[in-house]
Structure formats: structure tokens, C-alpha cells
Asker: 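What follows is a single structure, and I will ask about it in a moment.
All chains are named by letter (A, B, ...) in the order of the sequence lines, taking the proteins before the strands, and each is independently numbered beginning at 1.
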Amino acid sequence: MKHELEKIYNPDLFEDKIYQQWEESGFFNPDKLNLPDDAPAYTIVLPPPNITAKLHLGHSAMLAIEDLMIRYRRQNGYRVLWLPGTDHAAIATQNMVEKKIFAERGKTRHDLGRENFLEEVNNFVVETQATILNQTRKMGASLDWSRLAFTLDEERQRAVLKMFLDMHQEGIIYRGERIVNWCPRCHSTLADDEVEYKEQAAKLYTFKYSPDFPIAISTTRPETKLGDTAVAVNPKDKRYSDYIGKEYVVNFCGQTLKIKIIADRNVEMDFGTGALGVTPAHSVVDWHMAEENNLEIIKVINEDGFIKDDFGVYSGLTALVARDKIVNYLREHNLITQEEEIVNNLSCCYRCDSPIEPLPSKQWFIAVDKPVVRLQGKSLKQAALDLAQNGEVKFLPERFNKRYCDWMENLHDWCISRQIWFGHSIPAWYKGAEVYVGAEAPIGEGWVKDEDTLDTWFSSGMWTFSTLGWPDNYKDGVKSGDLARFHPTQVLETGYEILTLWVSRMMMMSLFALGEKPFSHVYLHGTILDESGKKMSKSKGNGIDPLEVIKKYGSDAVRLSLLMGATPGNDSRYNEEKIAAKRNFINKLWNISRFILSGASEDDLNVSADILPKPLTLADRWILSELISVRKIVDASYADFNYSYGADALYDFTWNKLADWYLEIAKVEKNKGTILVYIVKNLLIMWHSSIPYVTEAIWQSFNDSILMIEQWPKIEDKLDFLVSVSENDGDNFSFIQEAISSIRNARSENKIEPSRKVQALVFGERADLLFSQAALLVGLRTGIESFELGVDVPTSDSIKISLGKTEIYLLGAIDPEKEKERLLKERANLEGLITNLSQRLNNEEFVARAPKDIVRAETDKLNRYKAELENITAAL
RNA sequence: GGUCGUUUAGCUCAGCUGGUUAGAGCGCUGCAUUCACAUUGCAGAGGUCAGUGGUUCGAGUCCACUAACGACCACCA
């Protein structure tokens, strides 16, 4: 079992083999973990990556963080489920395949036909999915592949169908006419977030509909004015207040319009003439005004971007041509009072860049404001809002709670139908004006299936429970199977950019389907930017392929570089040097282990990671107290989602405490095999969740078991016999270098005999420890094998090392003047602290209301400060 | 236009509820090297914590304003 480790850690030799071993062990699957029935569950559903493309570094960061959460919980006895999957990303995928087919064969999806096209899409999906899953494995993600899901696979299709039917039955899903973002080229609606705004120069025309109409209006789109049914002014605007409520019949460019003057506070008095021509059919804002004022809605432009019939000479023209024609008419009739060049934002299709035409269209919606019986009359919006507001779902960082709530409060009914082919079909059939909703086609002739598909977020919104067997595992309001065990999930870890798009939908869907939250915590990671701080994107070509970096530095190094120094919600820059630094660290850990294991006996190797070895020297007590303190820091930080801080503490311990100090001591003090192996075992366990491969590789070089399921150590917590050392002690050793060269010089000049006696004088409260380490290093570097050590009276400015008859004096770095200054400052500081604390402790209200342990802690603090003050005063 | 974030060493970033002398990694400078590791070790230089004002015994931390950069949302008649 025990085998030698290579001189340098080579990830290539281990990673694939180890991953395969993990997978074959079955322990990614919670059912295979040997756990008591009451073991608490810990579930994370992996945010399913879009199958449009291979993974990028952002995904790697996500996998690193989630795998850490998962592995840490697995080590702590949880029934851990990390559930993998991919998202069909309806529009994005269809678009990508369309482009590909067009580039390769010059054909459109219409050329291929629905069936053939969907087959092409499916081939594409299979291909990219394989790539994605391979990349995910390379990261070392301990996902339960037996539960792999896809938002468009058969099970999910059943779930989506059921959800649609349930919501329809409840009256939450309805078909209605609304203004949608319509792309005349793609023949599809776009979600608001699929619309891109482009700044462009436009002409703002100010004119009157007709000579006899009293108010001039401004617009950049005169052709839509054919559909105007009102003019809106600000109610505060004195210029127009007399007209409000009046109705006019005007002849606008040869067409008859009925115009009512209405008041609306959203109209800006300063823009143009302060009056707005209301075109309900072609503007979202106007649509709302029309609803409030019962205005007629007149469609002017059709789905192809042409002017509709019944508009005389304008019918059949494209919007742009019609615009020119109308402007000419207005000019000829002297109705234009101003033409102005302005810059405005044109809304464009994110796919084809065509200008968006806002059009009324029949679509399926989810009503977010409607009371839902199964939610005790709350609306979806309200219920989802409550989860955040009453703290049932916590956001990290907290500020995203506000963003979530703001967005939720402004949420309108969610349009869920999309005019694309790739996606979940809508279970609706039409016959004339009749609509049928059901799982199967209705009986009878002449029913036509709805050709649209569902918004991709509809299925991904169900992700936490559609992956756990809903609806089969949910009967009469009772959960069973996976759903009972693993829902609600613990953490949703995802990027903040989809907080609104995805997280909010998951909340509503879960509330509707199960009446419960989908998760307790939302951890939002930042974006990985490129080295210059720009977003990585395909179009810019500045993306980094995780596989290449992994190949160069190893998976663990990539993971660690993404974990350390990263805080939730904050973006971080890609930095290859950082990865190299982590690679070096991993090699350091490897060599620490190599050194320890090579010197360990068979008995040493069998030491339990739970029980402190004994007896202990001073140095042992010190390193063990550091180890225990690190474990506490790690536990506390991981509990707070502060992964960077925990890793920092481990890193510092491993390199600066264990390698730099304790191993050097161990070389001299000898017989430390047991305790060293004990430390290594604990260290590997604690490091495993961040850098699983190298830790597993080392572990298996001297154990038959798999480290992945090794339990988090339960080290005794009796710290009273341990040594506590401040973090800055390393600074006190600047004299060592000098000592070493002094001794060497003395020797080479034959000034001293090769004495076996070393005596050093060390000052400070931890003189014994400093002494031990100092003597150790001096001895180590000078080849003196045994020492006789002693501590002398502390002095404030010098350190003396005697070698036999020769004495070496080493001056400390402390300047008495500066020291005095420091003490004075500290005294003032302490006095302030004491005043402040005394005041608080004299405050009856504080003492009465604050928890007892806080009061006690404050009292202790006060006493400590007082004692310190006395010391300082004495020293001065 | 609204909301939010960022600004700390040459670079990339930590710094929790205000509390001794502001930290890390990389880079830089000097020194060391048959040692588990040169993917190494030791030491050093380098910061008026973006600016101004305020609260406080005490501010990198809290408040206000300013500036630069960035993100999101909305709208642009």
C-alpha cells in the first residue's frame, strides 16, 4: 500500500485515474453513502450550463465553489446530493444551429422543415453536452451522474406539461393579447432581456395631425401615428389643462383619427411639446395608457413589418417607406413645425439586429399578481417576495436581496410563449376561436396544435424539483422519494447576472408546485473577467479554455486560484500568475507530505486523525494548537460561505507554520513520525474539498481508503495545554540569519571550538518558543547537533547567543524612542477603550437587554484592558 | 434617468460587527543552496487605504459630498 511519491507532483498522472476511481466508488451518489437514516440532507442543484457552448472559466469557478461546499458537507456526515444537468437554452441554441446550418449549407430552418431541423438541433445538443460533461469531470466535480438531467429530456417534459396544465387549471396561465417585442425578421417574440438597445441618430418630428388640431406632438415614428387614439399630456401642464377630456376627429394624412386628450403623469413636460401621441398598438407605455383610459387599439403594422390594410395609400408599404410618405405629406401641408436630429436608443433583436416592432400579439402568460388558492390567496409575486423579505431565503451578499425585491415588485405578467421550434411545446390546440388546453389533442376534427414553445426559463425555473422526481414524487401534497429527501435544497450557487432571470422564476415555480421555497441560500459569485478587466465573451475572443489551463497547471491549481481571494458578488480578473502560484503551493503540500511519509514508520502511518498523539514537546503543542485553530477558522468560514478566508488560513498554516517552522524543528528534535503523520492526515482531510486530486493522490499513497469520504476530524478541543502564538512571531527572527553567519565566520576563523553547547537569550512573553525555534535554526544551519538551552532575563534591545566560550550579541530592532512613542499611543488608545466600555457597562439598559454572555465578554475585555493599561503605565 | 458596486503596495486582491505597528500572493532587491521541495529558503524595499468634509477617545472600516471606472434596470414619445 505504501509507495514512494515522485519528487514533483504531476497532476496528469493522477487526475483522470482518481476521478474514475471516485466515480466507480459510487460515493457521488448519496444513496451509496453509508449513512444513518436521520443524516441531514445537503443538496445543491448545479445551475445547468447552456448546451450552446463549452464551458468557460466562470463555470470552473462555479464548479470549484460548489464542489467545495459539497465535499465539505460530505466529510461532515451529510447526505450530500449535487445534481448535474444541462439547459436546452431554447432560443440561444436554435439560433446557434440556425447560423451553423446557414453557414455550412446556406439553408434556413424553413428550408429544412420543423422535423429535420429539430433533429439537427438534437445532434448538436448531444455533441456539446458530451463536451460539457467532460469538462465538468476534469474539474473534479463530485456530481451524482446517476441523476443527470436535461431541461428538455423526457422526464422534464412530463414535469413541464404537468406544470402548465396545473397552472392553467388554477387560472394562473392565460392567453392574452399584449404588446410584445416582435422581430419581423425572425418572426418571433423576444423577451425583454433579449432586446438590445443601440444608440443611433434619429429625426424627431414635431407636427400637428391636422391644421384644426390644437396640440402639436413629437415623434420619431410618424408612420405609427396612423394608429393614434389619444394625445397624452402631463396633468400639471397648464398649457394643455383646458383640453383634457376633449375628443377630436382629425384628418391625418388622409386618414381619419379619433383623438382624445388624456392626462398621464408619465408624460414629460419638457420633452418636445410636452404632448405625446398615444399609439396603443405599438408602444408598451401607450398600451398601458389605453388600458387605463379605455382607448381603442388600432394596429398599424403587421407581423412582417408592413402597414396593414385599411390605411389607404400607405397599406402594404414597409414602415420606413410609409414614414417618408407621411413626412412628405406633413411637409406639403405645412404641418411640421420642427425637425430635430436626436440620438435615441433603437431596440434591436439580439440575434439578427433588426429593429424590434412592438406589436400586440396573442401569447401565453403567467399571471403574477393573481391570487392563488393553493398559496392562501397570495399571488406568485407576493409569495416569492415574502420568501426574501421574511428571510426564509437568504442572499449572499445581502445587497442582492434588495435587487431581487426591487425587481420582483416591478414584475409584470410573464410571457412564456416563444415563436421558436426548439423547446417544450405548448399543450394547446385551436379551432377557430376555440382554445383547448390538455395533455392530448382534443377529440374531433380541425384542431390545430399551437406551434409555439415555452420560454426556456419555464423549465429551468422548475429545476430544483423537476430533477427530484416531481410530479411522480408528489401526491396529495405529500412528497416522497428524492423530493422528500432533498427538497428544498440548501444552496443555489450561481452568477448574479441571472438573479432576476432565473432565481426569481425558481421561487415562483417552487412555491406554486410544492408550496415551499426552492432553496435556503442564494450564493451569488462574481464574474471572471479577462486580464484587462473586460468581460470574457465569444465575440471578443478573450475567453479562456479551462481545459488548457488545467492541462498546464492541473485541476487543483485552477480550482484553488479561483477560490482564494474571491468574495461573493465581486468580479475577479483572470490571472495566470496566480494559478502558477497555486500550482507551486500544491507542489509544496506534495513535498511536505513526501518528506513526512518517507520518514514515517508503519505505526506512525496508522495514527488516528481524531486523537492527539502524546507526549508533546513545546513545539508539538504549538503546531497542534495552530492546527486546531485553523480547523476552527475553516469551520467558521465555511459556515459563513467565506471560502477564501478558510483557504487562506489553511494555506498560511501549511506553508508558513508547518513547512517553514515545524518541519525544521522536527528535523532536529526527531522521533516526530506519529505527530507528523497525524498532522498530514488532518491537513489532507481539510484541504480535500478545495484541492481534491492532490490530496487524494497523497492519501492513497499510504492509505487503503478513499479520502473523499474520510470524515472531518473530531480533534479534542482541550486547548489549555496548548500554546498560543501571535501571528507576527516570524518577524522576531531577523536575527537568525545574522546568527548563522556569525557562527560560520567564527568557525571558519577558528575562533570557536566545535562546541556542543549553544545558549541563547531571548526576550518576550513567548521566549521559550522563540528560543526553541531560534536554537533549532541556528543549530540546523551550523551543523551543531545538540543544544543546551536556557532563557535569560529579557532585555528590550538585544539578543545574545553564546557558543562555548564565544558570545555573539545580536541587536534587536527595537528603538527605545519609538517604543516609548508606541506605548504612549497605546495607553491613550486603551484609556479610550476603557472609558467607552465602562460607559456601556454602566448603562443599565445595555446590561438588562444584552445577552448575558455578551455582557460577560465585555466585562472580561474591560478587565483585560485595565490590566494591560497597568502594565504599560508601569513600563513607562 | 434609477439602483448598486468598485477605488487599499508596481500588479492581482483580502481586510467580519470602527480598536495596538493596514495584510497576502506575484513582481522587485539582497543573501543562501550537496537539505522533502529552485514549482525552494531567509531577509528587505514598497501604502498620507481615490479626494474633501463630518461623527467618535479612536475611521481603511460609519455618514455626506466629489471624482474615475464598472454593472444592472428602466426609458427615450
Asker: If you draw a 6.0 Å radius around CD in A/E341, do more than 12 non-hydrogen atoms from other residues or ligands fall strictly inside?
Answerer: yes

Asker: Given 3.5 Å as the limit, does a donor-acceptor pair link the side chain of A/D556 with the main chain of A/V694, or not?
Answerer: yes

Asker: Is there, by distance only and without an angle test, a donor paired with an acceptor across the side chain of A/K7 and the base of B/C37 below 3.5 Å?
Answerer: no

Asker: Under 4.0 Å between any heavy atoms, over every strand shown, what does A/K578 touch: base, sugar-phosphate, or nothing? Just pick one.
Answerer: nothing

Asker: Using a 4.0 Å heavy-atom cut-off, write out nucleotides 5-10 of chain B from 5' to 3' as B (base contacted by protein), S (sugar-phosphate only) or - (no contact).
Answerer: S-----

Asker: What do you reckon, is OH of A/Y645 surrounded by more than 12 foreign heavy atoms closer than 6.0 Å?
Answerer: no

Asker: Under 4.0 Å between any heavy atoms, over every strand shown, what does A/S644 touch: base, sugar-phosphate, or nothing? Just pick one.
Answerer: nothing

Asker: Is A/R583 touching bases, backbone alone, or none of the nucleic acid, heavy atoms closer than 4.0 Å?
Answerer: base

Asker: Would you say the rings of A/F14 and A/Y9 are close, in the sense that their centroids are separated by under 6.0 Å?
Answerer: yes

Asker: Write down the distance separating the P atoms in B/G25 and B/U21, rounded off to the nearest Å.
Answerer: 23 Å

Asker: Any side-chain to backbone donor/acceptor pair from A/D571 onto A/T527? Under 3.5 Å, distance only.
Answerer: yes

Asker: Distance-only criterion, 3.5 Å: show the donor-acceptor pairs between side-chain atoms of residues 403-412 of chain A and protein atoms not counting sequence neighbours.
Answerer:
| from | atom 1 | to | atom 2 | distance (Å) |
| --- | --- | --- | --- | --- |
| A/Y404 | OH | A/A384 | O | 2.9 |
| A/D406 | OD2 | A/K402 | NZ | 3.4 |
| A/N410 | ND2 | A/D406 | O | 3.1 |

Asker: Distance check needed: B/A36 C1' versus A/K588 NZ, whole Å only.
Answerer: 8 Å

Asker: Quick check: does any side chain N or O of A/D604 sit under 3.5 Å from a backbone N or O of A/S601, one acting as donor and the other as acceptor?
Answerer: yes

Asker: Just how far, in rounded Å, is C1' of B/A14 from OH of A/Y643?
Answerer: 17 Å

Asker: Quick one: A/Y645 OH to B/C13 P, roughly how many Å, whole number?
Answerer: 20 Å

Asker: Tell me, with the steps shown, if A/K225 and A/T279 meet side-chain hydrogen bond (donor to acceptor under 3.5 Å, both in side chains).
Answerer: CA-CA 6 Å; A/K225 300 290 108 182; A/T279 321; 3.2 Å; yes

Asker: Describe the nucleic acid contact of A/V278 in one word from base, sugar-phosphate, nothing, applying a heavy-atom distance below 4.0 Å.
Answerer: nothing

Asker: Just to be sure I understand the rule, does A/T567 reach a base, reach only the sugar-phosphate, or reach nothing, if contact means heavy atoms closer than 4.0 Å?
Answerer: sugar-phosphate

Asker: Give me the distance, rounded to whole Å, that separates B/C73 from B/C49 when you measure between the C1' atoms they each carry.
Answerer: 32 Å

Asker: Just how far, in rounded Å, is P of B/U39 from CD1 of A/I592?
Answerer: 16 Å

Asker: Using the P atom as the point on both nucleotides, what is the distance between B/U66 and B/C4, in whole Å?
Answerer: 14 Å

Asker: Mind checking the P distance from B/G47 to B/U55? Whole angstroms is fine.
Answerer: 30 Å

Asker: On RNA chain B, compare the nucleotides closest to A/L276 and A/Y9; which residue's is nearer the 5' end?
Answerer: A/Y9

Asker: Could you check whether A/T500 gets within reach of a base, just the sugar-phosphate, or nothing at all, counting any heavy atom under 4.0 Å?
Answerer: nothing

Asker: In whole angstrom, what separates A/D648's CG from B/U12's P?
Answerer: 18 Å

Asker: Between B/U12, B/C76, B/U3, which one does the side chain of A/K402 approach most closely?
Answerer: B/U3

Asker: Mapping A/A566 and A/A580 onto RNA chain B by nearest heavy atom, which one lands closer to the 5' end?
Answerer: A/A566

Asker: Atom CD of A/E341 and atom P of B/C76: how far apart are they, to the nearest Å?
Answerer: 19 Å

Asker: Could you give me the stems involving RNA chain B, meaning stretches of three or more consecutive Watson-Crick or G-U wobble pairs whose two defining distances are both below 3.5 Å?
Answerer: B:1-7 with B:67-73, B:10-13 with B:23-26, B:28-32 with B:40-44, B:50-54 with B:62-66

Asker: Figure out the CD/C1' separation between A/E576 and B/G27, and round it to whole Å.
Answerer: 15 Å

Asker: Between A/F207 and A/F252, what is the ring plane arrangement, given parallel below 30°, perpendicular above 60°, and tilted in between?
Answerer: parallel

Asker: Sticking with atom P, work out how far B/C57 lies from B/C42, rounded to a whole angstrom.
Answerer: 44 Å

Asker: Quote, to the nearest angstrom, the P distance that separates B/C28 from B/G10.
Answerer: 15 Å

Asker: Quote, to the nearest angstrom, the C1' distance that separates B/A71 from B/C31.
Answerer: 47 Å

Asker: Side chain of A/K535 only, please: which of B/A71, B/G41, B/U39 is the nearest?
Answerer: B/A71

Asker: Please give, in whole Å, the distance from B/U56 P to A/I834 CD1?
Answerer: 21 Å

Asker: Quick one: is A/R573 getting a side-chain N or O under 4.0 Å of the B/U12 phosphate, OP1 or OP2?
Answerer: yes

Asker: I want to verify a distance call: between B/C75, B/U40, B/A36, whose nearest atom is closest to the A/V285 side chain?
Answerer: B/C75

Asker: Can you tell which of B/A71, B/A36, B/U3 lies closest to the side chain of A/Y496?
Answerer: B/A71

Asker: Is it true that a side-chain atom of A/D652 and a backbone atom of A/D648 form a donor plus acceptor pair closer than 3.5 Å?
Answerer: no

Asker: So what does A/A275 hit on the nucleic acid, given a heavy-atom distance under 4.0 Å: a base, only sugar-phosphate, or nothing?
Answerer: nothing

Asker: Is there a side-chain contact between A/K582 and the phosphate of B/C26, meaning an N or O under 4.0 Å from OP1 or OP2?
Answerer: no

Asker: Report yes if at least one side-chain N or O of A/K534 is closer than 4.0 Å to OP1 or OP2 of B/C69; otherwise report no.
Answerer: no

Asker: Checking A/K582 against A/Y651: charged group under 6.0 Å from the ring centre and within 45 degrees of the axis?
Answerer: yes

Asker: Could you please name the option among B/C26, B/A36, B/U12 that lies closest to any side-chain atom of A/N575?
Answerer: B/U12

Asker: Using the C1' atoms only, state how far B/G54 lies from B/C11, rounded to an integer number of Å.
Answerer: 34 Å

Asker: Considering only heavy atoms from C-beta outward, does the side chain of A/I261 approach that of A/F213 to under 4.5 Å?
Answerer: yes

